[in-house]
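A short worksheet on the structure shown next.
All chains are named by letter (A, B, ...) in the order of the sequence lines, taking the proteins before the strands, and each is independently numbered beginning at 1. Computed over heavy atoms, backbone and side chain alike; hydrogens, waters and symmetry mates excluded.
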There are 2 protein chains.
Amino acid sequence: MSTDETRRKLLDGALRVLVEQGIAKTSARSVAAAAGVNQGLVFYHFGSMDELLAAACRYGAEQRVARYRERLGAVGTLSELLALGRVLHEEEREAGQVAVLGQLLAGAQTHPRLGPATAAGLDLWIEEIERVLRRVLAGGPLDGAVEPAGLARTVAASFVGMELYEGVDPAGANAALDALEQLAGLLAALEELSLVARGAVRYTLRRKGRLSREV
Amino acid sequence: MSTDETRRKLLDGALRVLVEQGIAKTSARSVAAAAGVNQGLVFYHFGSMDELLAAACRYGAEQRVARYRERLGAVGTLSELLALGRVLHEEEREAGQVAVLGQLLAGAQTHPRLGPATAAGLDLWIEEIERVLRRVLAGGPLDGAVEPAGLARTVAASFVGMELYEGVDPAGANAALDALEQLAGLLAALEELSLVARGAVRYTLRRKGRLSREV
DNA sequence: GTCTATAAGCAGATAGAC
DNA sequence: GTCTATCTGCTTATAGAC
């Protein structure tokens, strides 16, 4: 069998075990079994379990982000971004892929090699989110008031937290997402304010921002 | 030694190992060593590791929530809540206690007994947050537009995600928190809008809400 | 590149002395 | 209630045949 094919099988197997059993049960044996290859090949191809997990993290994040790149690129308004967010959440929850990032984030505390790899995987998501946010916020009342780079990181981290929360309390997570939708809807609504109201809001936000910088 | 004292030592030991080594390295042996007691006592007092972890989760959450209950009760405005949130984040990050919830959330997928216990631990936080939100949002422009119960869950889940993110990218987490602060500051500023602007905003939000319910 | 076999060690959990 | 000793099974990782 070709090197690439076995490597790919192991990476897919690692992601599947992470999704189905969590980081605690993700061992060289369980991954090899899921991949349908011999256990020793984990170490032949990746050297250690840490390296396999790090590679799987990158591999999985690339796959998922590529899956949404086109749809994210088509987003032009905050409302559209919001709608895509809910779709994305449903699809990722079903596939269990965002929870994998949570598993790896938790495991990163023990496996030091895993920290940078997980951060890199998250960065792939953050990069896409930031690009969309920059486009969507431009010209609106939030333009200049919120840093897109930071907001993208907030969104990504919250998303991961939400997926982990969903694992222990699906009803609670649903209520949380509804509230988030309401909140984001309010922001989107701000963009449709009448001109006079918008002017007053912008004035107040600016004054507020200056004050808070002085304090 | 009394039953209670040994139990408490084991609970404290479990939390310490969870903070310092993560769920993956939290074993009966490591916890007993941290607690300074014999390994067999884990099973005498708790029956299994799952039960010990579940009990430690509740125990830790109760401790931490009690620590902030008074300060949370003194919060009267969104700005004050925001300021306390940042303080709370700093203190919890230092103690590593919120990351413990992340560790347990990740582990809950494998240890089924851990799921409900972790959800219960999170609920202690959510309950406090919800109470404050209800008080702070009352009368403001967001009153009636966002469900406090759902928003409290969003805040809690995002907080956990943020703590896990901080573990792999402290600079990124800091940028994320700054953006969150900007965003929350904008919401707080909305409460200080002039009367005419506030009326326009409320009108727009109501119309928007009705529309989105129709769609 | 892939296989089997195995080393060395840690896991959860229990039995029985004290 | 606490201790030691131990069972069983799983872990990462390697050596060496094919």
Side-chain angles (χ1 to χ4, degrees), chain A residues 1-18 20-57 59 103-104 106-115 117, chain B residues 1-18 20-57 103-104 106-115 117-118:
Chain A
M1 205 182 295
S2 79
T3 290
D4 279 4
E5 194 180 342
T6 303
R7 278 182 63 95
R8 193 186 44 72
K9 276 188 184 174
L10 282 169
L11 292 171
D12 285 330
L15 290 177
R16 222 171 60 231
V17 177
L18 277 172
E20 290 166 10
Q21 319 229 57
I23 180 93
K25 300 247 170 170
T26 302
S27 67
R29 279 175 162 79
S30 62
V31 169
V37 305
N38 188 274
Q39 179 255 138
L41 294 180
V42 167
F43 303 96
Y44 175 80
H45 287 287
F46 292 94
S48 72
M49 271 305 287
D50 284 21
E51 287 300 322
L52 169 56
L53 290 176
C57 176
Y59 173 75
Q103 292 288 327
L104 294 170
Q109 192 142 5
T110 313
H111 309 245
R113 181 69 187 73
L114 214 52
Chain B
M1 203 182 296
S2 80
T3 291
D4 278 5
E5 196 180 342
T6 302
R7 279 182 62 95
R8 194 187 44 73
K9 276 188 185 175
L10 282 169
L11 292 170
D12 285 330
L15 289 177
R16 222 170 63 233
V17 177
L18 237 26
E20 289 166 10
Q21 319 228 53
I23 181 91
K25 300 247 171 173
T26 303
S27 67
R29 282 173 165 83
S30 63
V31 169
V37 306
N38 187 275
Q39 178 254 135
L41 295 178
V42 167
F43 303 96
Y44 176 81
H45 286 288
F46 293 93
S48 72
M49 271 305 288
D50 284 20
E51 287 301 321
L52 169 56
L53 289 177
C57 176
Q103 292 288 327
L104 294 171
Q109 192 142 4
T110 313
H111 310 246
R113 179 72 186 72
L114 214 52
T118 317

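Of the possible polar contacts, one joining the A/S30 side chain to the A/K25 backbone as a donor-acceptor pair under 3.5 Å is found. Listed for the B/Q109 side chain is no donor-acceptor partner under 3.5 Å among the backbone atoms of A/Q21.
Residues B/F43 and B/S48 share a closest heavy-atom pair of CD2-CA, 4.0 Å.
Atom CD of residue A/Q103 and atom OG1 of residue B/T110 lie 6.5 Å apart, to the nearest 0.5 angstrom.
Within the structure, salt bridge (charged side-chain N to carboxylate O under 4.0 Å, His left out) pairs that include any residue of residues 45-56 of chain A comprise A/E51-A/R113 (at least two apart or interchain).
Listed by residue number, the members of residues 20-35 of chain B with any heavy atom below 4.0 angstrom from DNA chain D are B/R29. Within residues 38-51 of chain A, the residues having any heavy atom closer than 4.0 Å to DNA chain C are, in order of number, A/N38, A/L41, A/Y44, A/H45.
C/dG12 atom P lies 9 Å from atom CG of B/L53, rounded to whole Å. A/L10 has its CG atom 14 Å from the C1' atom of C/dC3, to the nearest Å. Between the CG atom of A/L52 and the P atom of D/dA13 there is a distance of 11 Å, rounded to whole Å.
Every residue was checked against the salt bridge (charged side-chain N to carboxylate O under 4.0 Å, His left out) condition with A/R29, not counting sequence neighbours, and none meets it.
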Less than 3.5 Å apart, which donor and acceptor atoms pair up between the side chains of residues 34-41 of chain B and the rest of the protein, not counting sequence neighbours?
unit_1, atom_1, unit_2, atom_2, d
B/N38, OD1, B/G40, N, 2.8

Can you give each donor-acceptor pair under 3.5 Å made by side-chain atoms of residues 8-15 of chain A, sequence neighbours left out, with the distance rounded to 0.1 Å?
unit_1, atom_1, unit_2, atom_2, d
A/R8, NH1, A/D12, OD2, 3.1
A/D12, OD1, A/Y59, OH, 2.9

